[in-house]
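Here's the structure we're looking at; comments come further down.
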Amino acid sequence: SQQGEEDPQALSIQEGENATMNCSYKTSINNLQWYRQNSGRGLVHLILIRSNEREKHSGRLRVTLDTSKKSSSLLITASRAADTASYFCATATYGGATNKLIFGTGTLLAVQP
Amino acid sequence: DTAVSQTPKYLVTQMGNDKSIKCEQNLGHDTMYWYKQDSKKFLKIMFSYNNKELIINETVPNRFSPKSPDKAHLNLHINSLELGDSAVYFCASSQADRGNEKLFFGSGTQLSVL
């Protein structure tokens with residue numbers, strides 16, 4: 001079954017503003033990852049946060065993880081037009097040999113210049 | 001050099017045909033995957049291979065048969081194509097199968113079944 005659900009489904013902001021996307025999941029996880037997908041392209045890994053971490057930063061990206069609420073958020077600060085893309089969270093679950101990454105439904109971010 | 005490359009980028013074919021999508025990674029990774037992305041952008045894992053061995057098969061119809069001749073290649077063959085197979089198929093790789101590695105994706109193959 002689908003693991004991650006993202007909110008909002010679509011977000012439109014002006015350049016320079018911050019963008020926040022949320023991800024909720026259902027079962028225990030080992031780590032949570034965020035990916036970006038530009039139109040017509042493959043997904044690109046942005047950041048990984050482990051289940052024992054609460055916050056992580058990478059450049060203009062800030063990710064938080066609340067395992068008690070089974071939720072994560074991705075904050076992009078000072079957004080740029082080039083940040084326009086779909087953003088997906090993905091949860092990694094361990095199940096013996098069948099470790100796998102399950103993707104959420106994605107948030108479509110449009111940054112207006 | 002493209003890290004994960006898949007061909008073709010676009011594939012248009014008739015119902016009932018058989019087609020293949022090829023994938024190669026030059027990252028030296030041990031694990032490769034096939035994902036299917038539907039029209040609503042939902043991305044679902046189909047298969048994963050670790051060092052040429054099938055690890056995950058997510059209840060994919062047996063019309064889909066992955067083949068891994070070596071750990072750098074994972075091809076996807078689809079028999080008797082159906083309208084519902086229309087989607088974007090992504091190949092990906094990761095260093096290992098421990099679940100804590102990031103995935104590197106190819107640019108996708110858009111399959112349209114008419």
Side-chain angles (χ1 to χ4, degrees), chain A residues 1-6 8-11 21 23 27-53 56 58 61 63 65 85-110, chain B residues 2-10 21 23-25 27 29-51 53-60 87-110 112:
Chain A
S1 63
Q2 186 174 322
Q3 173 73 310
E5 302 225 352
E6 290 169 66
Q9 288 190 339
L11 180 61
M21 289 159 265
C23 169
T27 62
S28 296
I29 62 171
N30 174 267
N31 66 72
L32 186 143
Q33 304 179 30
W34 285 90
Y35 287 78
R36 184 188 73 229
Q37 183 180 31
N38 290 88
S39 181
R41 308 294 297 271
L43 280 75
V44 174
H45 181 268
L46 295 175
I47 198 164
L48 181 155
I49 186 165
R50 302 185 195 285
S51 60
N52 61 355
E53 296 176 310
K56 205 156 182 184
S58 176
L61 305 180
V63 168
L65 179 63
S86 291
Y87 290 82
F88 294 86
C89 68
T91 50
T93 56
Y94 282 172
T98 57
N99 302 321
K100 58 187 177 184
L101 211 52
I102 300 177
F103 285 81
T105 50
T107 292
L108 178 59
L109 173 66
Chain B
T2 304
V4 181
S5 58
Q6 54 182 109
T7 55
K9 187 167 176 62
Y10 300 98
I21 307 172
C23 180
E24 175 182 5
Q25 54 95 3
L27 298 167
H29 287 168
D30 283 339
T31 308
M32 295 185 73
Y33 311 80
W34 278 107
Y35 277 83
K36 177 181 179 180
Q37 187 173 46
D38 64 21
S39 58
K40 295 183 179 178
K41 300 287 189 185
F42 178 51
L43 202 67
K44 184 173 167 60
I45 189 168
M46 300 173 69
F47 301 102
S48 79
Y49 269 72
N50 187 52
N51 215 359
E53 184 181 338
L54 179 66
I55 299 297
I56 293 174
N57 180 344
E58 282 289 299
T59 60
V60 178
V88 183
Y89 292 83
F90 287 98
C91 177
S93 71
S94 65
Q95 192 162 11
D97 183 39
R98 290 186 295 268
N100 58 356
E101 292 85 25
K102 59 185 181 182
L103 268 58
F104 291 78
F105 281 82
S107 56
T109 296
Q110 185 166 335
S112 299

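Quick caveat: nothing in here was measured; it's all calculated off a predicted structure. Below, chain A is the first sequence line, B the second, and so on; all start at residue 1.
- The structure places CG of A/Asn31 at 9.0 Å from CD of B/Glu101, a figure rounded to the nearest 0.5 Å.
- By the 6.0 Å contact criterion, CD on A/Glu53 is enclosed, its count of non-hydrogen atoms from other residues, nucleotides or ligands being greater than 12.
- Residue B/Ile45 holds its CD1 atom at 8.0 Å from CD1 of A/Ile102, rounded to the nearest 0.5 Å.
- With hydrogens and angles ignored, the 3.5 Å screen pairs no side-chain donor or acceptor of B/Gln37 with any backbone N or O of A/Gly42.
- Among B/Phe90, B/Tyr33, B/Tyr35, the one residue that satisfies the ring-ring contact (aromatic ring centres under 6.0 Å, His included) test with A/Phe103 is B/Tyr35.
- For chain A, the nearby part of B/Glu58 is the side chain; its heavy atoms alone come within less than 4.5 Å.
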Decide side-chain contact (heavy atoms from CB on, under 4.5 Å) for B/Leu103 and A/Tyr35; before the verdict, give the C-alpha distance in whole Å, the side-chain angles of both, and the deciding distance to 0.1 Å.
-> CA-CA 9 Å; B/Leu103 268 58; A/Tyr35 287 78; 3.5 Å; yes
